[in-house]
Amino acid sequence: MSEQEKNNEWDSLWQEYTKSLEGWKSLFEQMQNASNDMQAKFNQVWEKATTESSADTMKSFGENWQKAMTDAGMKYFKEFGENWQKALNDSNASVFKQFAENWQNTLSSSGLEQMQAYGETMKKFAETWNSMWPRS
């Protein structure tokens, strides 16, 4: 193989790599944007729920959400359940808000496994919400 052919092969491989890297970066940015948007909407829903719902309703919602995650085999359920119980014991809106921020940060902090768990948790949140407050 000539020196020119080796250089062309290297250049081609480098171009393929940088194209792949650009694709990854674009997808990562889309995922970050979608996650930020979903968190913002979740926070709006959570704020409305905690200010307009009774402690009994929030307790029922939490139990239903926990059950949905358990049924889905969520690895993070135990920690979620413990933190939820702590929030229920106080039942102050700011404690519920802190609970939501803490578990969101835990699940969305790093790695694909956490991203998948976070997505599944948010899906179960939506399913539970819809079962308790179905759209008319």
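Counting begins at 1 with the first residue of the sequence.
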Using a side-chain heavy atom cutoff under 4.5 Å and only I, L, V, M, F, W and Y, what cluster partners does Leu21 have?
Trp14, Tyr17, Trp24, Phe28
For residues 55-63, dump all side-chain donor-acceptor pairs below 3.5 Å to protein atoms at least two apart in sequence or in another chain.
from	atom 1	to	atom 2	distance (Å)
Thr57	OG1	Ser54	OG	3.0

Met31 atom CE, neighbour heavy-atom count above 12 within 6.0 Å:
no
Applying side chain to side chain donor-acceptor pair (under 3.5 Å), name anything that partners Glu127, two or more places apart in sequence or on another chain.
Lys124
Any chance you could measure Thr18, atom OG1, to Lys25, atom NZ, to the nearest 0.5 Å?
12.5 Å
Among residues at least two apart in sequence or on other chains, which ones pass ring pair (Phe, Tyr, Trp, His ring centres under 6.0 Å) with Trp10?
none
Apply side chain to side chain donor-acceptor pair (under 3.5 Å) to Lys19 and list each qualifying residue two or more places apart in sequence or on a separate chain.
none
What donor-acceptor contacts under 3.5 angstrom involve side-chain atoms of residues 40-49, with partners at least two apart or in another chain?
from	atom 1	to	atom 2	distance (Å)
Asn43	ND2	Gln39	O	3.2
Trp46	NE1	Phe96	O	3.2
Lys48	NZ	Glu52	OE1	3.1
Lys48	NZ	Glu52	OE2	2.9

What do you reckon, is CD of Gln32 surrounded by more than 12 foreign heavy atoms closer than 6.0 Å?
yes
